[in-house]
Amino acid sequence: MYYSLPLRPLMNHKKVRVRFAPSPTGGLHLGGVRTVLYNYLFARHHGGDFVLRIEDTDQSRFVSGAEEYIMQCLTWCGILPDESPANPGLYGPYRQSERKALYAQYALQLVEQGNAYFAFDTTEGLEAMRENYKTEHHNAQYDARTRGFMRNSLTLSKEELTDLLACNTPHVIRIKMPVDQTLVFTDMIRGKVSFDTNLVDDKVLLKADGTPTYHLAVVVDDYLMKITHAFRGEEWLPSAPVHLLLWQYLGWESEMPQWAHLPLILKPDGNGKLSKRDGDRLGFPVFAMDWTDPRSNEQTIGFCERGFLPEAFINMLAMLGWNSGMEQEIFSKDELIQHFSIARVHKGGAKFDYEKAKWYNHQYIQQTDNTRLVDLLQPFIADKILPTDACKLATVIGLVKERLHLLGEFWEQASFFFIRPETIDIAAIQAKWNENTKQFFVLLAQKFAASTDWNHDTIELVFNEAVAEAGIKKGEAMLPLRVMLVGGKFGPGVFAIAEQIGITETVARIEQAISLL
RNA sequence: GGCGCGUUGGUCAAUCGGCUAAGACGCCUCCCUUUCACGGAGGAAUGACGGGUUCGACUCCCGUACGUGCUACCA
């Protein structure tokens with residue numbers, strides 16, 4: 001038997017509605033943010049709604065604070081949902097734990113229709129089955145081959161079943177996978193995908209505690225919330241036939257959303273999908289924002305706290321698995337919305353490249369104006385900069401921004417503007433140091449101290465005069481002056497630095513350096 | 001093991017049968033800059049493999065290899 005669902009046009013008369021449905025179990029991963037982003041871009045592009053639904057049915061994995069954390073991340077990224085637990089629309093509640101009562105009726109309906117059944121097997125019973133029926137070529141699973149040997153409503157007599165149910169014997173409801181069917185559906189990214197029903201197991205739909213598994217919950221919720229397009233990670237592809245069948249069995253086939261299974265984000269080295277551990281191991285963030293596990297108190301750094309601009313983070317993520325087809329790589333959020341199309345999402349997984357991510361951030365730092373950078377920089381310098389220095393911050397940022405890839409690098413690039421360097425690279429000065437240069441710097445300090453005008457042009461004029469009077473080469477003095485003021489061989493133009501730190505401090509740093517040589 | 005999905009430089013990727021295969025990151029060289037960076041110019045580096053189909057294949061088909069995902073009363 002061959003069964004297929006027709007592909008409906010992408011743009012139909014219904015309003016586009018998409019959802020992001022995370023489990024509140026911990027930090028929000030790069031892949032998660034990208035899924036949100038693609039949902040958001042697709043919804044905005046088509047003038048549709050973007051819904052946040054919290055999939056918190058598994059109490060054993062629930063982590064307190066995780067939902068609030070997810071909202072914070074979305075807020076930081078600037079990709080807020082139109083409907084969410086915090087901002088309900090017409091299709092609430094938006095937490096599965098609050099929708100618990102909804103699901104059982106549908107599972108029961110499936111049992112009545114003969115598409116599902118009660119199963120009373122214990123953990124031990126299931127383990128025994130997996131052990132007994134596995135072969136060299138097949139893993140044993142709960143399916144047409146094995147369900148006839150298990151304790152379920154297909155094998156139990158009517159009386160036994162009634163008794164068991166009457167005694168509230170713990171049980172689950174499983175879908176009854178049909179035999180010898182080929183299920184075909186059209187994925188928006190992958191095209192036609194097909195599955196043999198004989199190879200899919202009888203997934204649990206309703207758990208013994210009465211909560212639905214993901215399989216039942218997505219279908220029911222997507223239906224009730226009128227979701228038209230469903231994006232999720234590629235790891236869900238193997239269970240798509242179960243969901244397809246559920247839409248069909250529940251009689252909602254014509255309402256089924258179009259699926260798009262997104263490619264995975266892989267680790268930069270080696271193989272496998274990117275995990276938090278890879279970030280720890282290779283020294284880059286994996287979560288959008290800092291996450292502290294309430295149980296272990298383990299802290300994990302986020303892109304935000306590492307010094308990424310949200311626009312850069314979003315831009316970088318958008319390009320990881322999607323491409324506009326143009327040469328342009330820097331896209332504002334509005335441009336992303338305008339150009340995004342699901343047809344241009346890649347099929348293959350993409351390795352995450354932190355260097356490229358930093359390059360995006362670097363680009364955004366360059367094009368962000370200094371006053372906004374002053375605000376963004378606050379968390380990174382609040383404990384370092386005196387309030388009296390705050391006014392010159394914008395100027396300093398303008399001077400050093402072109403060498404920043406992360407906001408957190410600001411202090412190492414600019415601390416000398418605010419405080420005297422703790423150590424200076426004496427060796428770099430000594431290479432050019434002799435009695436003549438020493439006399440030059442003594443003279444220079446005197447001239448600086450006597451200056452009335454103090455800006456980079458006048459400073460350079462004074463410097464040139466001193467060079468001429470001392471009879472040395474300018475090249476012999478430039479680098480030592482830099483090292484005296486900065487501490488090392490780096491930083492913006494030396495006269496601009498002198499201007500910013502002021503006459504007194506400039507003279508003091510020169511004199512201190514001379515005394516050390 | 002089974003099943004699904006994938007495979008263009010080290011990485012992200014363009015190409016929808018005409019390719020002398022874009023561009024970006026990273027790397028290297030040079031210029032600019034008496035520092036570092038920015039900027040500019042250049043360079044090295046790519047179609048997994050084998051069969052078809054075709055006048056012509058990176059593009060289509062098949063096989064193999066490799067990668068990856070799933071194979072829970074987790075999502």
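Letters A, B, ... mirror the listed sequences (proteins, then strands); counts begin at 1.
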For [X], all residues meeting salt bridge (Lys or Arg N to Asp or Glu O under 4.0 Å), sequence neighbours excluded:
| X | answer |
| --- | --- |
| Glu465(A) | Lys447(A) |
| Lys489(A) | none |
| Glu335(A) | none |

Within this structure, what is the [atom1]-to-[atom2] distance between [X] and [N], rounded to whole angstrom?
| X | N | atom1 | atom2 | value |
| --- | --- | --- | --- | --- |
| Leu244(A) | G4(B) | CG | P | 16 Å |
| Glu327(A) | A14(B) | CD | C1' | 9 Å |
| Glu476(A) | U34(B) | CD | C1' | 11 Å |
| Leu485(A) | U34(B) | CG | P | 16 Å |

For [X], all residues meeting side chain to side chain contact (heavy atoms under 4.5 Å, CB included), sequence neighbours excluded:
| X | value |
| --- | --- |
| Arg277(A) | Ser275(A) |
| Asn139(A) | none |
| Val204(A) | Val172(A), Arg174(A), Lys207(A), Thr213(A) |
| Leu165(A) | Phe118(A), Phe120(A), Leu161(A), His171(A) |

Let me know, please, whether Glu355(A) or Pro492(A) comes out on the 5' side of the other along RNA chain B by nearest nucleotide. Glu355(A)
Looking for any heavy atom pair under 4.0 Å, which part of the strands does [X] touch: base, sugar-phosphate only, or nothing?
| X | answer |
| --- | --- |
| Arg482(A) | base |
| Thr57(A) | sugar-phosphate |
| Gly233(A) | nothing |
| Gly491(A) | base |
| Arg344(A) | sugar-phosphate |
| Val193(A) | sugar-phosphate |
| Met319(A) | sugar-phosphate |

Does His346(A) put a side-chain nitrogen or oxygen below 4.0 Å from OP1 or OP2 of A14(B)? yes
N/O (side chain, Thr25(A)) to phosphate O (OP1/OP2, C74(B)) under 4.0 Å: no
Nucleotide N/O to protein N/O under 3.5 Å, stretch nucleotides 69-73 of chain B:
| residue | atom | partner | partner atom | Å |
| --- | --- | --- | --- | --- |
| G69(B) | OP1 | Lys273(A) | N | 3.2 |
| C73(B) | OP2 | Arg174(A) | NH2 | 3.3 |
| C73(B) | O2 | Ala208(A) | N | 2.8 |
| C73(B) | N4 | Asp121(A) | O | 3.3 |

Gln258(A), Lys192(A), His261(A) screened by side chain to side chain donor-acceptor pair (under 3.5 Å) with Asp187(A), the one that passes: His261(A)
Go ahead and write out RNA chain B as dot-bracket, 5' to 3': ( ) for pairs within the strand, [ ] for ones crossing earlier pairs, | when the partner sits on another strand, dots for unpaired; Watson-Crick or G-U wobble, both distances under 3.5 Å. (((((((..(((.....[....))).(((((.......)))))....(((((..]....))))))))))))....
Polar atom pairs between nucleotides 9-11 of chain B and protein, under 3.5 Å, N or O only, would you list them?
none

Using nucleotides 37-39 of chain B, report all nitrogen or oxygen pairs with the protein that are shorter than 3.5 Å.
| residue | atom | partner | partner atom | Å |
| --- | --- | --- | --- | --- |
| A37(B) | O2' | Glu402(A) | O | 2.9 |
| A37(B) | N3 | Glu402(A) | OE2 | 2.5 |

Distance-only check: which donor-acceptor pairs under 3.5 Å involve side-chain atoms of residues 404-422 of chain A, not counting sequence neighbours?
| residue | atom | partner | partner atom | Å |
| --- | --- | --- | --- | --- |
| Glu409(A) | OE1 | His405(A) | N | 2.8 |
| Glu409(A) | OE1 | Leu406(A) | N | 3.2 |
| Ser415(A) | OG | Trp411(A) | O | 3.4 |
| Arg420(A) | NE | Glu505(A) | OE2 | 2.8 |
| Arg420(A) | NH2 | Glu505(A) | OE1 | 3.1 |

